[in-house]
Peer 1: 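First, the structure itself, so that you have it in front of you.
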Amino acid sequence: ATLSEERFKGVVEHAHEIMLLVDADSTIVYASPAFGRQSGYQEWEILGQSLFSFIHADDIEDSKRQFALICAASSNQPYQLEYRLSTQNE
């Protein structure tokens, strides 16, 4: 890996914000360590699951609507969305 890749990885791995990579059918393909720290889930419980499995029930409909709009835009640009997280203890 290049020095810039290592720096990027260091920033993501130690960030307090949750960062996810999600494919077009809402499957989580990457979850930053912050996701596990804040939700209580282990990485193996997150990867391969639907993004919507981890969003608070009151935010599901809005998040699905926004996700559909993002997918329809057919852009590879990152998006920032904020929703309440459903934690493992709920």
Side-chain angles (χ1 to χ4, degrees):
T2 67
L3 182 58
S4 62
E5 289 171 334
E6 289 299 319
R7 286 182 181 158
F8 178 77
K9 181 180 177 183
V11 168
V12 170
E13 298 291 315
H14 295 95
H16 294 286
E17 294 82 13
I18 293 172
M19 296 177 218
L20 299 173
L21 293 178
V22 181
D23 66 15
D25 68 354
S26 82
T27 301
I28 298 171
V29 296
Y30 172 80
S32 67
F35 190 98
R37 289 191 302 266
Q38 294 181 38
S39 70
Y41 289 99
Q42 299 294 314
E43 183 177 17
W44 62 268
E45 296 174 290
I46 300 165
L47 298 180
Q49 299 299 314
S50 171
L51 165 69
F52 305 112
S53 299
F54 301 99
I55 293 178
H56 190 278
D58 293 342
D59 295 337
I60 290 288
E61 292 307 314
D62 186 50
S63 65
K64 285 183 176 181
R65 195 169 28 260
Q66 284 197 345
F67 188 79
L69 291 172
I70 290 167
C71 289
S74 300
S75 172
N76 286 329
Q77 297 298 315
Y79 289 90
Q80 179 176 331
L81 302 173
E82 294 186 29
Y83 293 102
R84 289 175 286 179
L85 183 64
S86 178
T87 63
Q88 192 174 41
N89 298 326
E90 288 181 4

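Along the sequence shown, residues are numbered consecutively beginning with 1.
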Peer 1: Do Arg84 and Ile55 have side-chain heavy atoms sitting under 4.5 Å apart?
Peer 2: no
Peer 1: How about Phe35 and Leu85: do any of their side-chain heavy atoms sit closer than 4.5 Å?
Peer 2: yes
Peer 1: Measure the CG-OG distance between Asp58 and Ser63 for me, rounded to the nearest 0.5 Å.
Peer 2: 11.0 Å
Peer 1: For residues Leu20 and Phe54, determine if any side-chain heavy atom of one lies less than 4.5 Å from a side-chain heavy atom of the other.
Peer 2: no
Peer 1: Can you list every pair that meets salt bridge (charged side-chain N to carboxylate O under 4.0 Å, His left out) and has a residue in residues 15-38, with sequence neighbours left out?
Peer 2: none
Peer 1: Quick check for you: to the nearest 0.5 Å, what is the distance between Tyr41 atom OH and Ile28 atom CD1?
Peer 2: 10.0 Å
Peer 1: Do Val29 and Met19 belong to the same hydrophobic cluster, where Ile, Leu, Val, Met, Phe, Trp and Tyr are linked whenever their side-chain heavy atoms lie under 4.5 Å apart, directly or via other members?
Peer 2: yes
Peer 1: Hey, what do you get for CD (Glu82) to CD1 (Ile18), rounding to the nearest 0.5 Å?
Peer 2: 10.5 Å
Peer 1: Taking all non-hydrogen atoms of both residues, which atom of Pro33 and which atom of Tyr30 are closest, and how far apart?
Peer 2: CD-OH, 3.8 Å
Peer 1: Sort and list the pairs that fulfil salt bridge (charged side-chain N to carboxylate O under 4.0 Å, His left out) and have at least one residue in residues 65-75, not counting sequence neighbours.
Peer 2: Asp62-Arg65
Peer 1: Scan the side chains in residues 43-50 for donor-acceptor partners under 3.5 Å anywhere in the protein, sequence neighbours excluded, and list what turns up.
Peer 2:
{"from": "Glu45", "atom 1": "OE1", "to": "Gln42", "atom 2": "N", "distance (Å)": "2.7"}
{"from": "Glu45", "atom 1": "OE2", "to": "Gln88", "atom 2": "NE2", "distance (Å)": "3.2"}
{"from": "Ser50", "atom 1": "OG", "to": "Ser26", "atom 2": "OG", "distance (Å)": "3.1"}
{"from": "Ser50", "atom 1": "OG", "to": "Phe52", "atom 2": "N", "distance (Å)": "3.2"}

Peer 1: If you compare all heavy atoms of Leu51 against all heavy atoms of Val22, which two are closest, and at what distance to 0.1 Å?
Peer 2: CB-CG1, 4.3 Å
